[in-house]
Colleague: 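My questions all concern the structure below.
Fair warning: this is a prediction, and the values are worked out from it, not measured in the lab. This chain uses plain numbering: 1 for the first residue, then up along the sequence.
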Amino acid sequence: MSMTYQAQELESHFAGGHFRRLGGWVESPVDLQPELESDVGADVIVIGAGFAGLSTALELTALGAKVVILEQEFAGFGASGRNAGYLGGSIGIEFELFLKRVGHEKAKSIVRFYDESVAYVEGRLRELGIDCDYNASGIIRAGIHPSQEKKLRKSMAVGDELGSRTEFLDQAQMRARGIPPAFLFGCLQRHGGTLDPGKYVMGLRRAALQAGVKLYENTKLVSYSDGPTITCQTTHGRATAPNLVLATNAYTPQIGLLRDKIVPFRVSAVETEPLSAQQLASLG
Ligand SMILES: Cc1cc2nc3c(=O)[nH]c(=O)nc-3n(C[C@H](O)[C@H](O)[C@H](O)COP(=O)(O)OP(=O)(O)OC[C@H]3O[C@@H](n4cnc5c(N)ncnc54)[C@H](O)[C@@H]3O)c2cc1C
């Protein structure tokens, strides 16, 4: 009952213009690509135009493949256009949990993969000429209570064994980096930083279109048939190819796959109007 009430209340906020359905990073593009309304053929069909789908399409096109992307809304509509914008490597991993699941050797190669991804994205930004306000500040995992120091140091030690290079920052080193006093100490990974995810995903979209990727927006995959030739049925069209890449992220259960692997959880993020220099300074 309460869910229904909340849903109704949210709807009235949307209707009243209080909330947006999207975050502030992206808007529906002015050059929205037309819906697929006929039959098309390709070497590879990619479903979903987020970071994964667009990057896959770009890489495959560079290898000479004819690639079609089907996107139900517009490129960047999903998590790629709504995230926090941290470009981080292995510092994002919960090492102890992870180690228990995959074992030492595999954990090491996954840590390496995470760390290489930072250089990969930095390289792509340069090669594709994407300006997304990237600030290569490094990433800090910070502690806000003295009791967290032991756990942080232990996690750093496990990470170090797996090849994740980080440094401990004490109070003075945190202050020297301009971090507000509420953050007592931290673990710094020198590579990575922050970027505007909306500009990044829209840059990938632009690059994909320029590279000749055929992008159909407003085009939802409704069903597909497996076999040597895969047929993707959309609301008003059909695409066929010998290869299919599903880059549908958390939406994947909606096409009947990974239902028992994807677990919803709630994240709240607050977005303010731009802060003045004075307001920023008052934060310390
Ligand atoms: C609140 C939040 C904060 C985050 N912060 C960070 C961060 O700071 N750093 C970081 O690295 N990661 C962060 N992430 C994770 C990151 O955003 C995702 O891992 C990444 O964007 C996933 O990209 P993707 O291309 O796989 O999926 P998505 O960007 O979700 O793209 C999937 C696309 O598939 C389309 N689609 C789905 N079903 C269909 C269908 N049937 N037919 C056609 N199209 C379909 C969707 O419309 C969508 O555009 C965050 C995520 C969230 C939600």
Colleague: Is the backbone N or O of Ala52 less than 3.5 Å from a side-chain atom of Thr56, with the two atoms forming a donor-acceptor pair by type?
Modeller: yes
Colleague: Is there a side-chain contact between Leu87 and Glu122 in this structure, where contact means two heavy atoms from C-beta onward sitting under 4.5 Å apart?
Modeller: yes
Colleague: Where do Val118 and Gly89 come nearest, in terms of heavy atoms and distance?
Modeller: CG2-N, 3.5 Å
Colleague: Does Arg190 reach the main-chain N or O of Thr166 with its side chain, forming a donor-acceptor pair under 3.5 Å?
Modeller: no
Colleague: Ala107 and Leu99: which non-hydrogen atoms are nearest, and at how many Å?
Modeller: CB-CD1, 3.8 Å
Colleague: Test side-chain contact (heavy atoms from CB on, under 4.5 Å) on Met202 and Phe74 and set out the steps.
Modeller: CA-CA 10 Å; Met202 286 304 165; Phe74 59 84; 4.1 Å; yes
Colleague: Quick check: closest heavy atoms across Ala247 and Val46, and the distance to 0.1 Å?
Modeller: CB-CG1, 4.4 Å
Colleague: With a 4.5 Å limit on heavy-atom distance, are the side chains of Arg165 and Asp160 in contact?
Modeller: yes
Colleague: Does the side chain of His104 reach to within under 4.5 Å of the side chain of Glu161, using non-hydrogen atoms?
Modeller: yes
Colleague: Between Tyr200 and Tyr134, is the gap from one ring center to the other below 6.0 Å?
Modeller: no
Colleague: Are Val158 and Tyr114 connected in the hydrophobic side-chain network, where two residues link if heavy atoms are under 4.5 Å apart?
Modeller: yes
Colleague: Would you call Arg206 and Asp31 a salt bridge, using N to O less than 4.0 angstrom?
Modeller: no
Colleague: Nearest heavy-atom pair of Ser117 and Gly88: which atoms, and what distance?
Modeller: OG-O, 4.5 Å
Colleague: Working to the nearest 0.5 Å, report the span between OG1 of Thr248 and CG of Leu258.
Modeller: 7.5 Å
Colleague: So do Asp39 and Thr240 actually touch side chain to side chain, heavy atoms under 4.5 Å?
Modeller: no
Colleague: In the single-linkage hydrophobic clustering (I, L, V, M, F, W, Y; side-chain heavy atoms under 4.5 Å), do Tyr120 and Ile91 co-cluster?
Modeller: no
Colleague: Test side-chain contact (heavy atoms from CB on, under 4.5 Å) on Leu58 and Arg124; report intermediate values, then the result.
Modeller: CA-CA 10 Å; Leu58 275 162; Arg124 292 309 266 162; 3.7 Å; yes
Colleague: With sequence neighbours excluded, tell me which residues meet side chain to side chain contact (heavy atoms under 4.5 Å, CB included) with Arg153.
Modeller: Glu149, Phe168
Colleague: If you round to the nearest 0.5 Å, how far is OG of Ser164 from CD1 of Ile93?
Modeller: 7.0 Å
Colleague: Checking Asp115 side chain against Ser90 main chain: does a donor-acceptor pair fall under 3.5 Å?
Modeller: yes
Colleague: In sequence, state the C-alpha distance, the side-chain angles, and the governing distance for Arg177 and Gln173, and then conclude on side chain to side chain donor-acceptor pair (under 3.5 Å).
Modeller: CA-CA 6 Å; Arg177 296 181 74 91; Gln173 289 165 313; over 6 Å; no
Colleague: Decide if atom CG of Leu275 counts as having more than 12 heavy atoms of other residues, nucleotides or ligands within a radius under 6.0 Å.
Modeller: yes
Colleague: Within the 4.5 Å heavy-atom criterion, are Arg82 and Phe77 side-chain neighbours or not?
Modeller: yes
Colleague: Where is the tightest heavy-atom contact between Ile69 and Ala49, given as atom of each residue plus distance?
Modeller: CG2-CB, 4.0 Å
Colleague: Is a salt bridge present between Glu217 and Arg205, judged by a nitrogen-to-oxygen distance below 4.0 Å?
Modeller: yes
Colleague: Do Trp25 side-chain atoms and Asn83 backbone N/O form a donor-acceptor pair below 3.5 Å?
Modeller: yes
Colleague: Calculate, to the nearest 0.5 Å, the distance between atoms CG and CG belonging to Leu195 and Leu125 respectively.
Modeller: 7.0 Å
Colleague: Leu257, Leu221: one ILVMFWY side-chain cluster at the under-4.5 Å cut-off?
Modeller: yes
Colleague: Without swapping roles, check the side chain of Asp43 against the backbone of Lys66 for a donor-acceptor pair under 3.5 Å.
Modeller: yes
Colleague: For the CZ atom of Arg259 and the CD atom of Gln254, what is their distance to the nearest 0.5 Å?
Modeller: 10.0 Å
Colleague: Could you walk me through whether Lys261 and Thr252 satisfy the side-chain contact (heavy atoms from CB on, under 4.5 Å) test, starting with their C-alpha distance in whole Å, then the side-chain angles of each, then the deciding distance to 0.1 Å, before giving a yes or no?
Modeller: CA-CA 10 Å; Lys261 299 277 185 300; Thr252 308; over 6 Å; no
Colleague: Keeping the roles fixed (side chain from Glu71, backbone from Glu73), state whether a donor-acceptor pair exists under 3.5 Å.
Modeller: yes
Colleague: Measure the spacing between CG of Leu184 and CZ of Arg175 and express it to the nearest 0.5 Å.
Modeller: 7.0 Å
Colleague: To the nearest 0.5 Å, how far apart are NZ in Lys220 and OG1 in Thr234?
Modeller: 11.5 Å
Colleague: Any non-hydrogen side-chain atom of Tyr224 less than 4.5 Å from a side-chain atom of Leu246?
Modeller: yes
Colleague: Are Val40 and Val213 grouped together when hydrophobic residues (ILVMFWY) are joined by side-chain heavy atoms under 4.5 angstrom apart?
Modeller: no
Colleague: Does Arg141 make a cation-pi contact with Phe183, if we ask for NZ or CZ under 6.0 Å from the ring centre and within 45° of the axis?
Modeller: no
Colleague: Are Leu128 and Leu215 connected into the same hydrophobic cluster when the rule is that any two of I, L, V, M, F, W, Y join if their side-chain heavy atoms are below 4.5 Å apart?
Modeller: yes
Colleague: Might you point out which heavy atoms bring Lys154 and Glu96 nearest each other, and give the distance in Å?
Modeller: CG-OE2, 3.7 Å
Colleague: Does some side-chain heavy atom of Phe185 sit less than 4.5 Å from a side-chain heavy atom of Gln148?
Modeller: yes
Colleague: Donor-acceptor check, side chain of Ser80 to backbone of Phe51, threshold 3.5 angstrom: yes or no?
Modeller: yes
Colleague: Got Gln279 and Thr272 here, is their nearest side-chain heavy-atom distance under 4.5 Å?
Modeller: no
Colleague: According to salt bridge (charged side-chain N to carboxylate O under 4.0 Å, His left out), who are the partners of Lys199, at least two apart in sequence or on a separate chain?
Modeller: Asp133
Colleague: Look only at the side chain of Asn249 and the backbone of Tyr251, and say whether a donor-acceptor pair between them is shorter than 3.5 Å.
Modeller: no
